[in-house]
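We're numbering straight along the sequence, starting at 1.
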Amino acid sequence: MPTSLSSRAGAATAAALLALASLWAVGPTDPASADTAAPSARVMENLGRGVVAVRSSSTQVLVSWRLLGLDPEGIGFNVYRSTAGGAYTRLNAGVLTGGTNYTDATADLTRSNSYRVTPVVGGQEQTPSSAFTLTANHATEPVVRVPLRSGGPVKFAWVGDLDGDGAYDYVIDRQTSPQTLEAYRGDGTFLWQVNLGPNSQNQDNIEPGSSTVDVGNWDGVTVYDFDSDGDAEVALKIADGVTFGDGTTWTHADDSRQWMAVLDGRTGALSRYSSIPTTYLSDGPLAARLGVAYLDGTTPSLVAFMKNRQDGGAFNLMIGAWKYDGASLDRQWTWQRGSQDAPDGHNTRAIDVNGDGTDEIAEIGFVLNGDGTLRYSMGPKGIVHGDRFHIADMDPSRPGLEGYGVQQDNPSGLLEYYYDASTGALIWQHYGGPADVGRGMAADIDSRYPGMEVWSFSGLYNARTDALTEPDTAKRPWPQLGLWWDGDLTAELLNDGKIEKWDPLNPTSTGSVPRLVSTWNYGAVDASQGINPLFVGDILGDWREEAMYTDSTYDELIIFTTNRPTTTRLYTLAHNPAYRNAMTFKGYMQSHQVDYFLGSGMSTPPRPHITYAP
């Protein structure tokens, strides 16, 4: 297909166009595989245009903005610039209907320049977007810098619209003792701090304290608009001694007792709480991974994957779901593994695996339905524990979604496997002797072969055909993270601070993949596991992804955003249901996946079945 996808655009004032947009809302992408009729549209964030500008050369500025999920067909955009606070002047000669980015080569870069975009629908300009200001004599760098208060090391960041203005704000951890959480507006304005108290001082990555967050594969925090009112909340597990953003402290005599809490995103004050079941309390507090799933297909639920360890070394596993409606936080269900053969790993994904419009909760070896019942387990098929797995439309010629996972010391010698995400049916497996396969990736990085490639350390395979795309297995790239960055439809790679582009026509060894960006050249330092950013996701500009780091003194967020123009036009990935869910989960950091095939030869993606929060 051509690089420029067909137009899917809309106005900045989304509310005025919702009635028109709803006429084009679509249901499941794979109706033939749906178990039931699609539910009502899911309520998602009412995002603004996310305008961002970076100085891409000594004379040029790249301006980029969002195409929204419900933007109507035929929309265009005009780009305006204000220099040193002067009147806004239109830059483009004709209405822009291609990629949602524009290169400004006429700015006086010795002065400050503010950029905004105005949607054009039916020949009429709509309300202008919020503006982004590039400071005078700004550095030439693909970076947005956000100031932070001084503090300790940061492992993770979360995004959400805490104040309801249509722009993402940030919540970060501080890996101090005790630990803290801090919230900032998108411009770096400090909002609040939560002190996680004495029960966050035990930071063991297997048996952490009852209020400890962000150790090992555990987070215990997530950010989302759970009650769909337009303002995001912060969800976290709490225990005795946690002090909230308004200064109040949670107290309870038993340090092992835990609750799920929802905090006001603007203030950090406790809004509502719900007891975490005490089923396994005799074995100590539960560590948790938190995230979001639309279990009814319409409104979000808080999902928690929780474990603790028995004295003999075995682990208890419980998964729970909670619903917050603004008035109460109610537990919907819990699932306990018990003696069931249901292999878990270090990541959780929430995605509609069967195309019925509602989300399932996926682990590396099993999937739960939205009501908390077991959909399937691959344990009886020989799958055991592993570190990483992916679910995506890896083979667009095949109905539905596929999964790819890796194994840790499988007694059968199984290294990696590819399967039907709806049923768990194995499609192919690779064996080679018991080994700890610590990384696994799925992305389209070779346009010569249809669909995605998958790889760990045994070579780069085309998922659809189970064939090596590069015969020399030493020339496969490192299987860390993917990142859409340069504007073509194949993925780039993010590996230990390097944005890389693997070239299938000139493959190189793992350590010498051509490099587009070295993050340390801009003052960024790695965080999680010494190799990862704080966050990866589409949070600014067009559909390309951002990677977030801090500087070495932890008083600045360094957000890498692309400086490369593209003619490819896609709605923001943050309005894709699978992708936005993935932005809420941590664990061992993995790439986010959309629920359609995004890669070389792709079709125009279906319109997301969503509506906007107020």
Q) About how many Å separate CZ of R515 and CD of E500, when rounded to the nearest 0.5 Å? A) 6.5 Å

Q) Passes side-chain hydrogen bond (donor to acceptor under 3.5 Å, both in side chains), S210 versus S256? Steps please. A) CA-CA 6 Å; S210 53; S256 292; over 6 Å; no

Q: Answer yes or no: is there a donor N or O on one side and an acceptor on the other, between the side chain of E360 and the main chain of V353, under 3.5 Å?
A: yes

Q: Apply side-chain hydrogen bond (donor to acceptor under 3.5 Å, both in side chains) to S130 and R49, showing your working.
A: CA-CA 7 Å; S130 297; R49 291 293 166 191; over 6 Å; no

Q: Could you please spell out the steps behind the side chain to side chain contact (heavy atoms under 4.5 Å, CB included) verdict for W322 and L290?
A: CA-CA 11 Å; W322 281 261; L290 305 187; over 6 Å; no

**Q.** Evaluation steps, ring pair (Phe, Tyr, Trp, His ring centres under 6.0 Å), between Y522 and F560
**A.** CA-CA 9 Å; Y522 303 94; F560 287 83; 5.8 Å; yes

**Q.** Any donor-acceptor pair under 3.5 Å from W478 side chain to N495 backbone
**A.** no

Q | Side-chain touch L368/I319, heavy atoms, less than 4.5 angstrom | A | yes

(Q) I need the H575 NE2 to L570 CG distance, nearest 0.5 Å. (A) 14.5 Å

Q.
Strictly by salt bridge (Lys or Arg N to Asp or Glu O under 4.0 Å), give each pair with a member in residues 521-531 just once, sequence neighbours left out.
A. none

Q. Under 4.5 Å between any side-chain heavy atoms of M260 and Y324, yes or no?
A. no

**Q.** Residues in side-chain contact (heavy atoms from CB on, under 4.5 Å) contact with A527, at least two apart in sequence or another chain
**A.** L534

Q: Indicate yes or no for a side-chain donor-acceptor contact from Y294 to the backbone of P577 under 3.5 Å, with no hydrogens or angles considered.
A: no

**Q.** Value rounded to 0.5 Å, distance of CG in L481 from CE in M589
**A.** 7.0 Å

**Q.** Presence of salt bridge, K501 and D488, under 4.0 angstrom
**A.** yes

Q.
Is there a side chain to side chain contact (heavy atoms under 4.5 Å, CB included) between N347 and R388? Walk through the geometry before answering.
A. CA-CA 7 Å; N347 300 93; R388 287 166 174 81; 3.9 Å; yes

Q: Apply side-chain hydrogen bond (donor to acceptor under 3.5 Å, both in side chains) to D246 and T267, showing your working.
A: CA-CA 7 Å; D246 62 354; T267 67; over 6 Å; no

Q) What residues, two or more places apart in sequence or in another chain, satisfy ring pair (Phe, Tyr, Trp, His ring centres under 6.0 Å) together with Y404? A) none

Q: State whether the side chain of E470 and the backbone N or O of P504 hold a donor-acceptor pair below 3.5 Å, judged by distance alone.
A: no

Q: Output yes when a side-chain donor or acceptor of T243 lies under 3.5 Å from a complementary backbone atom of N195, and no otherwise.
A: no

Q | Nearest-0.5 Å distance that lies between atom OG in S271 and atom CD in E233 | A | 6.5 Å

Q. At what distance, to the nearest 0.5 angstrom, does OG1 of T508 lie from CH2 of W502?
A. 8.5 Å

Q) Which residues satisfy the ring pair (Phe, Tyr, Trp, His ring centres under 6.0 Å) test with F132, sequence neighbours excluded? A) none

Q) Distance-only, no hydrogens or angles: does the E416 side chain make a donor-acceptor pair with backbone N or O of G440 under 3.5 Å? A) no

Q | ring pair (Phe, Tyr, Trp, His ring centres under 6.0 Å) involving W250 - partner list, sequence neighbours excluded | A | W259, Y273

Q: Enumerate the residue pairs fulfilling salt bridge (Lys or Arg N to Asp or Glu O under 4.0 Å) with a member in residues 186-200, sequence neighbours excluded, ordered by first and then second residue.
A: none

Q: Could you list the residues that satisfy ring pair (Phe, Tyr, Trp, His ring centres under 6.0 Å) with F244, not counting sequence neighbours?
A: none

Q) Checking salt bridge (charged side-chain N to carboxylate O under 4.0 Å, His left out) for the pair D344/R337: CA distance, chi angles, key distance, verdict? A) CA-CA 10 Å; D344 67 295; R337 179 168 59 186; 2.7 Å; yes

**Q.** Under 3.5 Å side-chain donor-acceptor pair for T212 and Q203
**A.** no

Q: Side-chain contact test, heavy atoms from C-beta onward, threshold under 4.5 Å: evaluate it for V234 versus V194 and give yes or no.
A: no

Q | Short side-chain to backbone donor-acceptor contact, D436 and D409, under 3.5 Å | A | no

Q) Do the side chains of R544 and N101 get nearer than 4.5 Å, heavy atoms only? A) yes

Q: Evaluate the side-chain proximity of L557 to V154: yes if any heavy-atom separation is below 4.5 Å, no if none is.
A: no

(Q) Evaluate V454 against H390 for side chain to side chain contact (heavy atoms under 4.5 Å, CB included), listing each step before the verdict. (A) CA-CA 9 Å; V454 295; H390 295 259; over 6 Å; no

Q | Within-4.5 Å side-chain heavy-atom neighbours: D163 and D169 | A | yes

Q. Tell me the side chain to side chain donor-acceptor pair (under 3.5 Å) pairs involving residues 548-557, sequence neighbours left out?
A. R145-E556, D551-T553, T553-D555

Q. Tell me the salt bridge (Lys or Arg N to Asp or Glu O under 4.0 Å) pairs involving residues 194-204, sequence neighbours left out?
A. none

Q) Given Y571 and N576, is the side-chain hydrogen bond (donor to acceptor under 3.5 Å, both in side chains) satisfied, shown in steps? A) CA-CA 8 Å; Y571 71 82; N576 179 262; 3.1 Å; yes

Q | Check: I383 and Q407 side chains under 4.5 Å, non-hydrogen atoms | A | yes

Q. Does the distance from a Lys or Arg side-chain N to an Asp or Glu carboxylate O, for R580 and E45, drop under 4.0 Å?
A. yes

Q) Residues two or more places apart in sequence or in another chain: which of them pass side-chain contact (heavy atoms from CB on, under 4.5 Å) with N217? A) R289, H346, Y588

Q.
The criterion is side-chain contact (heavy atoms from CB on, under 4.5 Å); which residues satisfy it with F190, sequence neighbours excluded?
A. R149, E182, Y184, Q193

Q: For the pair Y170 and F535, evaluate side chain to side chain contact (heavy atoms under 4.5 Å, CB included) and give the outcome as yes or no after the intermediate values.
A: CA-CA 10 Å; Y170 309 120; F535 174 87; over 6 Å; no

Q.
Could you check whether any side-chain N or O of N308 sits under 3.5 Å from a backbone N or O of Y280, counting only pairs where one atom can act as donor and the other as acceptor?
A. yes

Q | T222 side chain to T584 backbone, donor-acceptor under 3.5 Å | A | yes

Q.
Quick check against the 3.5 Å criterion: does W192 have a side-chain atom that pairs as donor or acceptor with the backbone of G265?
A. yes

Q | Ring-face cation of K307 near W218 (centre distance under 6.0 Å, axis angle within 45°) | A | no

Q. At what distance, to the nearest 0.5 angstrom, does CD of Q408 lie from CG of D387?
A. 5.0 Å

Q: Could I get the full list of side-chain contact (heavy atoms from CB on, under 4.5 Å) partners for L483, not counting sequence neighbours?
A: W485, L494, I499, V536, E545

